[in-house]
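Per chain, numbering begins at 1; letters A, B, ... match sequence-line order. Reckoned from all heavy atoms, side chains included, excluding hydrogens, waters and symmetry mates.
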Amino acid sequence: MAKRIICDTCSAIKLAYFGNTLFTANTLKSGDLILHQCVFTEIKKWHPTKKGKYKKEIETLEKIRATPGLRVDRKKELAQEVIIRKTRDDLNLSVGKGDITQLVAILLHDLHLVTNDNPFKNLAEAMEVAVFEAELIAFEGIEHKVLTSKQVQDAVDYWEANEEKQASKAVKSKLAKHGVKYK
Amino acid sequence: MPKQSMMIRVNSKALRESIIKRQSLASLETPLGVSRQAINGWLSKNRIPPRKLSILASELDFSVDEMEAITTSPKDEAFVLFRTNRNVAVSQGVKEDVLEVAEDFFSLDDLTAINRESIDIVLKNEDPTSAAKSILKQLNLSYDNISLDKVLTALKRYNVHILFYNFGEKFVDAKAQAVCVRRGNKRVIFVNSYEFVEDVLWRIFHEVCHLFSNHTDVTEEDEKFCNEVANQILTPDAFFQENKSILKRRFSQGLRLTPFLVEEIATELSSSFQGVVIALKNNKIIDDTVSRYLWGVIRNQKKTKKRVHQIISPSDEIDPKEFLDNLLEDSDRAKFVHLQQSVKMGLILDKISTRRAAELLHIDEMSIQQLARRWKSQYGKKNNL
């Protein structure tokens, strides 16, 4: 099963709410979760107040660390970037250099993607990459009995209180089957 | 998994050549997971799923040049013209950054685009004074009613947008003051947000002159011409000649009073202090002594004069998320945040990735996601969604 890479801080912080449970190898049947280095680079830029607010989650992520060996041959990377940029322009999406570089790594290493960012998700899907929302992973956690509905409900309440991006309607309705509700 | 396989347009001839150079079409059936007929079908329709092209590029080791040739479709060429301090050369990397932000803006601006007129004025062999008159006439402005708001509104009608943007150190290193980008009938003028607020109109008119002159590459002559046109719009010789005797009398009343007089004229003409001093000297209203004194005043003013970034960028003490949210609600500062407004709309309509938005708005991605959620809910309530 292909590994699923987290490239944005929002998804990483959300899933780190549960400690390293979801990041432990062979826990999730749809593929292990791994972290891209960019998550840590982005967190470094945060305001100290925010770092304090998410201290627990950041500590969890630091223990898990970024997955090494995601670098790709520069010539191949540049050629792939041309295709992705062309696809992005055809879809009329504004997706930046950082996302494009990560998408190249995803394509060349045959990975799946975890993101809640719709334009990036649309671009990745156009490139036939499987995309998962962070909340969908939490849903899998309940299904595989590594998380309880109560834990996920607490997490959803916490994410909502922090004004974090919400899950899509489809994922919300999946979670509702386990009694997890949004306000 | 994808709902349907999207296709991108390709140059089949270039793609076929790149494949045949290395392998037969039949040998690609396995890596692509399709039949030779399907591959031929893509080639005959000039369209291919991007993932399949990605596999081909990886399997056959296509070079970047080959990929550019394969994916290039006829598109208007984009022109990037820089105005830099002392004509410092601008690196290709900086130009590419500028073009990328402009392309983002063009795609986001399409979201709210209305039918706009195209520029039907081309300045040819005109002297700067009559060129200045032509520009003002076309924009329906006159010397005595110029303001930043009016200029921005007038230019928008012609698909010319003014964006205030901090391109970071690379842009500052290049001493770039303003840049204009043109692709097809879309035009953007970026003003470096490190510029002084009072210099903004001059920078804009200089770039407008390039656009109205259809410059695709600028020579030193073109630069001088556009400088003079901007001067004649904001500090017209006609004004100084008409009022020469009064001004001469007032400027002879004592050196210490002269800065106040210059300020007064600058406010009346919507010009900068420096622009007025240059015009006064050129029109022989002040002599060398007064001019030297006023240049001293200009040097001192530089420490205290307001720069655009002080209006649109948060200081270290303020939460950048709250600053940005308030900024976009502030009608007084709306003229400086057109790009930011477009990014906000792009986030509401899911047209821009949060990472790209974070890059463009110079704040962290998580804050952008929180703002996007807030904006989406406000937009939904306003539009009863």
Donor-acceptor side-chain pairing of A/K50 and B/S367 below 3.5 angstrom:
yes
Return the set of residues passing salt bridge (charged side-chain N to carboxylate O under 4.0 Å, His left out) with A/K3 (not counting sequence neighbours), or none when no residue passes.
none
Does A/E128 reach the side chain of B/S54, with side-chain heavy atoms less than 4.5 Å apart?
no
By residue number, those in residues 57-65 of chain B with heavy atoms under 4.5 Å from heavy atoms of chain A are B/A57, B/S58, B/D61, B/F62, B/S63, B/V64
Before accepting this row, confirm whether a basic side-chain N of the pair B/R356/A/D117 lies closer than 4.0 Å to the acidic partner's carboxylate O.
no
Does any backbone or side-chain atom of B/E66 lie under 4.5 Å from a heavy atom of chain A? Answer side chain, backbone, both or neither.
neither
If the contact rule is any heavy atom under 4.5 Å from chain B, which residues of residues 39-47 of chain A qualify, in numerical order?
A/E42, A/W46, A/H47
Is the shortest heavy-atom distance from the side chain of B/P50 to the side chain of A/M127 under 4.5 Å?
yes
Quick check on B/R51 against chain A: is it the side chain, the backbone, both or neither that has a heavy atom closer than 4.5 Å?
both
Sequence neighbours excluded, the answer for side chain to side chain contact (heavy atoms under 4.5 Å, CB included) partners of B/A358 is B/E365, B/I368
What heavy-atom pair brings A/D90 and B/M6 nearest, and what distance separates the two atoms?
CB-CE, 3.8 Å
Heavy-atom contact with chain B under 4.5 Å, split by part of A/E160
both
Measuring heavy-atom distances to chain B, does A/Q80 have an atom under 4.5 Å in its side chain, in its backbone, in both, or in neither?
side chain
Engaged part of A/I13 at the chain B interface, taking heavy atoms whose separation is under 4.5 Å:
side chain
